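Since we're looking at a predicted model, the values are computed, not measured. First listed ligand is number 1; within each ligand, the first listed atom is number 1.
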Amino acid sequence: MTSHLTFTPLAIPTMMHIFSKLVGVAAATQVALAAPQHGYGGGGRTLRFTNSGTFQISVFEDLHYGEAEDLVWGPQQDVNSTRVMNSILDDEHPQLVVLNGDLITGENTYKQNSTNYVNEIVQPLLQRNLAWASTYGNHDSDFNLSRYEILQREQSWTLSLTRQDVHTSTAGVSNYWLPVHGSNGDQKVPELLLWFFDSRGGNYYQQTTSDGKSVTQPNFVDQSVVDWFTATRAQLCSKYGKDVPSLAFVHIPVNAMLAFQQSKNDTGVRLHYEPGINDDDPLAQQGYAQGQGDVSGTVATYGGQDIPFMQALLDTPNLISVFSGHDHGDDWCFKWDSKLPGMNLTGNGLDLCFGRHSGYGGYGSWTRGSRQILVTEQQLKHNIAETWVRLETGEVSGSVTLNGTYGRDYYPAVADTSSS
Ligand SMILES: *[C@@H]1O[C@H](CO)[C@@H](O)[C@H](O)[C@H]1NC(C)=O
Ligand SMILES: *[C@@H]1O[C@H](CO)[C@@H](O)[C@H](O)[C@H]1NC(C)=O
Ligand SMILES: *[C@@H]1O[C@H](CO)[C@@H](O)[C@H](O)[C@H]1NC(C)=O
Ligand SMILES: *[C@@H]1O[C@H](CO)[C@@H](O)[C@H](O)[C@H]1NC(C)=O
Ligand SMILES: *[C@@H]1O[C@H](CO)[C@@H](O)[C@H](O)[C@H]1NC(C)=O
Ligand SMILES: *[C@@H]1O[C@H](CO)[C@@H](O)[C@H](O)[C@H]1NC(C)=O
């Protein structure tokens with residue numbers, strides 16, 4: 001595999017086949033309800049609002065380390081990705097970094113050292129004593145790369161808060177939640193919850209079919225995870241006596257984002273109301289994939305696999321926004337407040353956002369950057385978050401307030417630029 005890797009998730013719009021085999025297959029669900037002990041993941045850091053009542057997250061999306069490692073350009077683009085992270089973290093001072101999937105490109109790595117890229121990725125975070133939390137993406141699983149081993153490697157640092165809370169065989173790995181406590185030191189009831197979901201995808205580690213091909217992993221949030229989410233959410237509500245406001249992270253976007261993008265006659269993605277780049281059109285959503293890596297080239301057809309997950313998101317009181325990546329050419333946010341064409345679910349005002357492609361690996365050369373999310377204790381009382389993209393150039397792009405009028409508020413358009 002020496003050719004330039006493209007890994008586009010895009011393709012022609014698909015027929016709506018019902019992928020019945022993959023819908024609603026609820027494996028014997030072992031719901032892991034236990035709240036995290038003191039010390040989440042491998043570590044012990046309690047997330048807290050600052051003394052000025054703010055909590056900021058920097059999202060590094062689609063870093064794609066480890067491409068073409070035996071050629072000059074592969075390692076060079078990883079050096080570039082590290083430069084992006086350092087540059088963003090010199091400009092922004094988050095309390096948490098989220099690595100929101102596709103940390104590594106598994107198609108091209110060797111079994112004996114594929115997980116070592118984690119060491120490289122987390123250097124800028126270790127140097128700044130910054131805690132991080134990951135979701136894994138479709139490129140984080142392949143014949144020579146295991147998302148379980150990525151988790152194990154992460155947990156060798158106490159700064160990693162990534163966990164695996166759901167242990168069914170179909171759940172994937174990065175499904176868990178984190179509490180963020182208030183600046184006043186109240187340990188009992190957090191002010192914010194962060195949910196992390198594994199949308200899986202790619203190929204299973206070290207598995208081949210009888211004809212020697214890699215074995216594809218479904219690329220949507222599994223029913224066992226939806227069951228864990230709804231049960232845990234209810235348990236936390238009763239434990240804390242309220243539905244604590246929350247944010248969620250999942251690598252592959254849900255179908256509502258595609259349905260909104262394609263609803264051009266109604267709204268679509270509008271330059272001044274959903275400011276951002278919108279070049280992956282149509283975007284690739286959960287359940288759909290064209291070629292999960294050039295090993296298998298498998299095509300997966302959308303058939304409503306993410307409906308239970310979307311329903312669970314809509315049923316989550318005080319969930320402010322869900323953040324995804326995967327489609328490197330899109331970085332807008334939209335308010336899902338209607339019944340979108342082709343969908344039965346009706347949005348309730350939940351905001352859905354893309355991050356910005358941060359890595360030099362993976363397809364596309366849109367100016368690299370990182371989505372920032374700022375929550376203040378004041379705004380949280382009204383379920384409001386602010387968000388913007390900090391570009392590698394130092395510029396701020398697409399700064400918006402996710403409040404009740406997002407989608408009706410007028411913002412400057414975002415320039416569609418490329419890194420040199
Ligand atoms: C690394 O970044 C520089 C500056 O953006 C760019 O000119 C160069 O092409 C990049 N190299 C790779 C391999 O991505
Ligand atoms: C997996 O890694 C082994 C050992 O380094 C290597 O020989 C093989 O080519 C790799 N396989 C794939 C499919 O990348
Ligand atoms: C993995 O091994 C390959 C082959 O020796 C090497 O080119 C690459 O730099 C190594 N990568 C890491 C992260 O250790
Ligand atoms: C949008 O509206 C035009 C004019 O009414 C119609 O011809 C076209 O089919 C519509 N497109 C979609 C995607 O609904
Ligand atoms: C919407 O609901 C109808 C009636 O239950 C069903 O036939 C159809 O498949 C559903 N469509 C989608 C996209 O879920
Ligand atoms: C939402 O935020 C925007 C941008 O700051 C602002 O113009 C608008 O008035 C806010 N909406 C409400 C209801 O406060």
Side-chain angles (χ1 to χ4, degrees), residues 1-6 14-20 22-24 62-88 104-117 139 141-146 149 202-209 211-216 220 254-256 258-259 262-263 285-288 292-297 301-311 314 328 339-347 357-369 391-394 417-420:
M1 285 187 290
T2 52
S3 62
H4 194 285
L5 306 170
T6 49
T14 55
M15 305 281 292
M16 296 277 279
H17 291 306
I18 297 300
F19 214 18
S20 56
L22 297 177
V23 181
D62 294 272
L63 288 163
H64 285 275
Y65 277 67
E67 292 183 356
E69 54 193 346
D70 48 356
L71 297 177
V72 173
W73 62 265
Q76 183 55 50
Q77 71 181 14
D78 293 346
V79 169
N80 279 359
S81 300
T82 297
R83 185 190 70 215
V84 171
M85 295 173 80
N86 280 316
S87 146
I88 304 288
I104 300 171
T105 300
E107 285 90 328
N108 221 211
T109 53
Y110 298 107
K111 179 173 184 289
Q112 68 272 15
N113 69 2
S114 56
T115 305
N116 288 358
Y117 289 99
H139 289 279
S141 271
D142 219 303
F143 183 74
N144 275 341
L145 176 66
S146 157
E149 287 180 12
N203 298 301
Y204 287 109
Y205 183 58
Q206 296 290 299
Q207 288 186 24
T208 43
T209 60
D211 55 351
K213 291 218 162 84
S214 290
V215 181
T216 302
F220 55 90
V254 292
N255 186 62
L258 175 67
Q262 300 306 307
S263 68
Q285 81 281 43
Q286 288 187 27
Y288 170 79
Q292 298 197 33
D294 46 14
V295 178
S296 70
T301 307
Y302 183 71
Q305 298 94 330
D306 60 348
I307 290 173
F309 178 56
M310 288 190 287
Q311 182 70 62
L314 291 174
H328 302 176
K339 188 172 177 303
L340 294 165
M343 290 186 69
N344 286 343
L345 300 179
T346 301
H357 183 204
S358 309
Y360 271 74
Y363 73 93
S365 58
W366 296 278
T367 308
R368 274 69 173 187
L391 296 172
E392 186 190 5
T393 57
T417 59
S418 294
S419 292
S420 54

Below the 3.5 angstrom mark, is there an N/O of Tyr110, backbone or side chain, next to an N/O of ligand 2? no
Return the option from Asn144, Asn108, Thr208 holding the heavy atom at the smallest distance from atom 8 (C) of ligand 2. Asn144
Under the side chain to side chain donor-acceptor pair (under 3.5 Å) criterion, do Gln206 and Asn144 qualify, and how do the steps go? CA-CA 6 Å; Gln206 296 290 299; Asn144 275 341; 3.1 Å; yes
Just going by heavy-atom distances, which of Asn80, Val79, Leu71 is nearest to atom 2 (O) of ligand 1? Asn80
Are any non-hydrogen side-chain atoms of Arg368 and Asn80 less than 4.5 angstrom apart? no
Is Ser419 in polar range of ligand 1, meaning some N or O pair under 3.5 Å apart? no
Is there a nitrogen or oxygen of Tyr360 sitting under 3.5 Å from a nitrogen or oxygen of ligand 1? yes
Evaluate the side-chain proximity of Asp70 to Tyr110: yes if any heavy-atom separation is below 4.5 Å, no if none is. yes
If the plane angle is over 60° it's perpendicular, under 30° parallel, otherwise tilted; pick one for His357 and His328. parallel
Can you check side chain to side chain donor-acceptor pair (under 3.5 Å) on Glu67 and Thr105, steps first, answer last? CA-CA 6 Å; Glu67 292 183 356; Thr105 300; 2.9 Å; yes
One finds that the ligand 1 atoms under 4.0 Å from a non-hydrogen atom of Arg83 are 2 (O), 3 (C), 4 (C), 5 (O)
Ile307: numbered ligand 5 atoms lying under 4.0 Å from its heavy atoms: 14 (O)
Pull out every atom of ligand 5 sitting under 4.0 Å from any heavy atom of Gly342, numbered as shown with elements. 13 (C)
Atoms of ligand 1 under 4.0 Å from any heavy atom of Trp73, numbered from 1 in the order shown, are 13 (C)
Check for a donor-acceptor pair, side chain of Asn108 on one end and backbone N or O of Ala68 on the other, with a separation under 3.5 Å. yes
So do the side chains of Tyr360 and Val79 get within less than 4.5 Å of each other, counting heavy atoms only? no
Gln112 heavy atoms, cut-off 4.0 Å: which ligand 2 atoms fall inside? 4 (C), 5 (O)
